[in-house]
Q: 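Here you go, one structure.
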Amino acid sequence: MERSVAELVGETDVEALTAEQVLEVVLETLHPNVALACSFQKEESVLLDMLLEREPEARVFALDTHVLFPETYAVWRAVEQRYGIRIAVYEGPSLGRQAAVHGDALWERNPDLCCSIRKIGPLGAALSSLDGWITGVRRDQAPSRASTPKLGWDERHELWKASPLADWTDDDVLAYVRERELPVNDLHARGYASIGCTHCTAPGTGRDGRWIGSGKTECGLHA
Ligand code: SF4
């Protein structure tokens, strides 16, 4: 059932708030039952910094598909060290177990099923104990994300969803990362605007480098 943001925040105009203010509203209304979904891209570098500065006990989780880039695992370790946190992990099946059930290289033969078992299933487990989640989704990343609200009811997962950087640009994100000298995924400097699994990610602007040539544009986490 669709729910109005006013139920959560009253008359506050969330769209007029800065990213930091959105996080403050989310923490005031939902902590400790809200968590940041961290994919270790530059947007999460920003959100981790803003969030943990305001609430050191804020919850953070990651989905480990077991086919992430070494650079992604490196920035994962770097942010845990910088902030003194352990990020909760929700995992897809190991490569061996997936191959035994579905055959090799499922991402080539059936990427939707691969995303379902490696991402969607683990996300459902992560969200099951929460009243809200925070994401790094930005409107200018793809047409499918153009109408992303800064805070809204996530009908599919039945909890609140905040995207505090919804109206930020690539340049806004990179400027914040530089100013705060944040750990950031090295792949961004090598032309990867969006970073997912090794088999399905190439350099490109926006989300152009994801699932090239397959017609697939989203893994199903956000759209
Ligand atoms: S992005 Fe590719 S490898 Fe990762 S879960 Fe989806 S299809 Fe599988």
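Atoms within a ligand are numbered from 1 in the order they appear, just like the ligands themselves.
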Q: If the condition is salt bridge (Lys or Arg N to Asp or Glu O under 4.0 Å), which residues does Arg207 pass it with, not counting sequence neighbours?
A: Glu218
Q: Quick one: do Leu51 and Val75 end up in the same hydrophobic cluster if we chain Ile, Leu, Val, Met, Phe, Trp and Tyr together by side-chain heavy atoms under 4.5 Å apart?
A: yes
Q: Report all protein residues having a heavy-atom distance below 4.0 Å to some atom of ligand 1; order the list by chain, then number.
A: Val67, Trp107, Pro111, Cys114, Cys115, Arg118, Lys119, Cys197, Cys200, Trp211
Q: Heavy-atom count check: over 12 atoms from other residues, nucleotides or ligands less than 6.0 Å from Glu11 CD?
A: no
Q: Would you call the rings of His157 and Trp133 parallel, tilted or perpendicular if under 30° counts as parallel and over 60° as perpendicular?
A: perpendicular
Q: Would you indicate whether Arg3, at its atom CZ, is surrounded by more than 12 heavy atoms from other residues, nucleotides or ligands within a distance under 6.0 Å?
A: yes
Q: Are any non-hydrogen side-chain atoms of Leu30 and Leu8 less than 4.5 angstrom apart?
A: yes
